[in-house]
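Everything on this sheet refers to the single structure shown next.
Atoms within each ligand, like the ligands themselves, are counted from 1 in listed order. Note: hydrogens, waters and symmetry copies are ignored here, and every other heavy atom, side chains too, is used. Count residues from 1 along the sequence. Note that the coordinates shown come from a computational prediction; the quantities given were computed from them, not determined experimentally.
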Amino acid sequence: MASSKLELLASKKAQAQLGGGQTRIDKQHQKGKLTARERIHFLMDEGSFEEIGMFVQHRSTDFGMEKQQFLGDGVVTGYGTVNGRLVYVFAQDFTVFGGSLSETQAEKICKLMDLAVKNGAPVIGLNDSGGARIQEGVKSLGGYADIFYRNVLASGVVPQISAIMGPCAGGAVYSPAMTDFILMVENTSYMFVTGPNVVKTVTNEEVTAEELGGASAHSTKSGVTHLTAVHDVDCINKIKQLLSYLPQNCEEKPVKLAYTPSDEIREQLATIIPESANQPYDMREVIEGIVDEESFMEIHPDYAENIVVGFARIAGRSIGIVANQPVSLAGVLDVESSKKAARFVRTCDCFNVPLLVLVDVPGFLPGTDQEWNAIITNGAKLLFAFSEATVPRVTLITRKAYGGAYDVMNSKHIGADMNFAWPSAEIAVMGAKGASEIIFRKEIKEASDPAAKLKEKELEYADKFAHPYRAAARGFIDEVILPEHSRKKLIKAFAMLENKVDSLPKKKHGNIPL
Ligand code: HXC
């Protein structure tokens, strides 16, 4: 069998039919894109890729389609290894009918997804397609729905990663949208439900495909894409890095890398918090000081920048980090940051990635914009996501933990396992000034020097609450630690929690406020 397959592949006819022909391949390269097979070549370990369904052909007979046949029908599917671990991959071949999805192309992708779920390994989709195969009508639409259904069934079972490396338009966007991660290549990919022409007709807006749905729009404005890449190979390298933090499936833990212990003291952490509570600092510096060197991979770096999320390693263990970011909007929680963080928490939880939460949050962002855009529902998403997460959960409060945001940001009360605070932590209903203005209003108003009275009351309030010791006295904080000891303490905490077993009450599924 193997030899006949090889003979066929070597034949002239097969070579010509393996893609849409040299002209179309050249066109793909001129656009700055690799072909489907080149992408697979860069993704998989050398010699590991086994193609499935190479000889599949479409069954369409309308519009003279029976005369236009290409082996594989516009998608390359198969399995192999990435850094020694099994993955399933499909790569749409734009050189064949624009990579459009036919009934048979959908069957190939579905077959692959079924194998991935049964064998517990990630599915990687390299998307480059003009959408539903127009000549096939409803058969193609049905094919999409077959894929969507499998995306949902596979969700939370095996990691699903989608790279958008060309067009992805119309209903086709909904398969990537239901996977765990989307990556987009700058300038050569776009995603939208309705393209510029329809937008112009319906809303009279003039917009290019790139402006409407390019990598930049989706990484900064909509948050649809988790990561962007400068070219195809960069995108593929990012997929490999992402896979390294994840397990093969929901029954496994992420791979732990070898690690040689050292003193783990990080002096640089002691000088990060500024003198004034209102002065910003970059939470990424705290992250870098805590995690293994160069192990941090930020997800959604350009969207809702007031919260930082990403993967890292601590003593070789894979962890997910959620951290308020004081340099952006003082690190407040708002609609976008709550959604971004909630999604990330759930991604980590379904794939057994422990969570580290770094807290410096002045509260929720006030305003009509926030209220009318449902900060209530969206803030609840984060609260819900943390509360139902059963992975090891560790919190470190670096500075402010005010109001409802204290509760939301992985507090002890919603199931966190270990809660640390630096001596600079302030755990209170609100900041000292705001609190004093409310509770001492009468006293301040009647004072001969109201400003001096306010200052006096502010100090009194700060003395009571602008520290972590009241919370520690109640056991809401397990330990107040010196910043320079953070890495050491967190390594021990995650090691201690390594075999944590926890479960939720029996139910069909929770009802997260979507
Ligand atoms: C069949 C298609 C095709 C499609 C492209 N081709 N899209 N064939 N079905 N959907 C073919 C072209 O005819 C052409 O064939 C070749 O692919 C390359 O296309 P070009 O147009 O030359 O490439 P380019 O200039 O790069 O433009 C790419 C494109 C454009 C922007 C994607 O092809 C396009 O607008 N296609 C149609 C997009 C579309 O409306 N799709 C349906 C969306 S609705 P030749 O032989 O000339 O090389 C949808 C519903 C999904 O997908 C529903 C799920 C619920």
Please step through salt bridge (charged side-chain N to carboxylate O under 4.0 Å, His left out) for the pair Arg133 and Asp73, ending with a clear verdict. CA-CA 11 Å; Arg133 174 91 44 95; Asp73 198 28; 3.1 Å; yes
Strictly under 4.0 angstrom, heavy-atom based: which residues surround ligand 1?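 The 4.0 Å shell around ligand 1 contains Arg24, Lys27, Lys31, Phe94, Phe97, Gly98, Ser100, Gly130, Gly131, Ala132, Arg133, Ile134, Gln135, Leu141, Tyr144, Phe148, Pro167, Ala169, Gly171, Ala172, Tyr190.
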Can you pull the side-chain hydrogen bond (donor to acceptor under 3.5 Å, both in side chains) pairs that have at least one residue in residues 352-372, sequence neighbours excluded?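 Those involving residues 352-372 are Tyr281-Asp360, Asp360-Arg399, Asp369-Asn373.
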Would Lys340 and Tyr303 count as a cation-pi pair here, with the cationic atom under 6.0 angstrom from the ring centre and within 45° of the axis?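 Negative - Lys340 is either too far from the ring of Tyr303 or too far off its axis.
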Answer whether the closest heavy-atom distance between the side chains of Ser162 and Asn127 falls below 4.5 Å.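 In short, these two side chains touch, coming nearer than 4.5 Å.
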Is the ring centre of Phe97 less than 6.0 Å from the ring centre of Phe70? yes
Between Phe90 and Tyr79, ring centroids under 6.0 Å: no
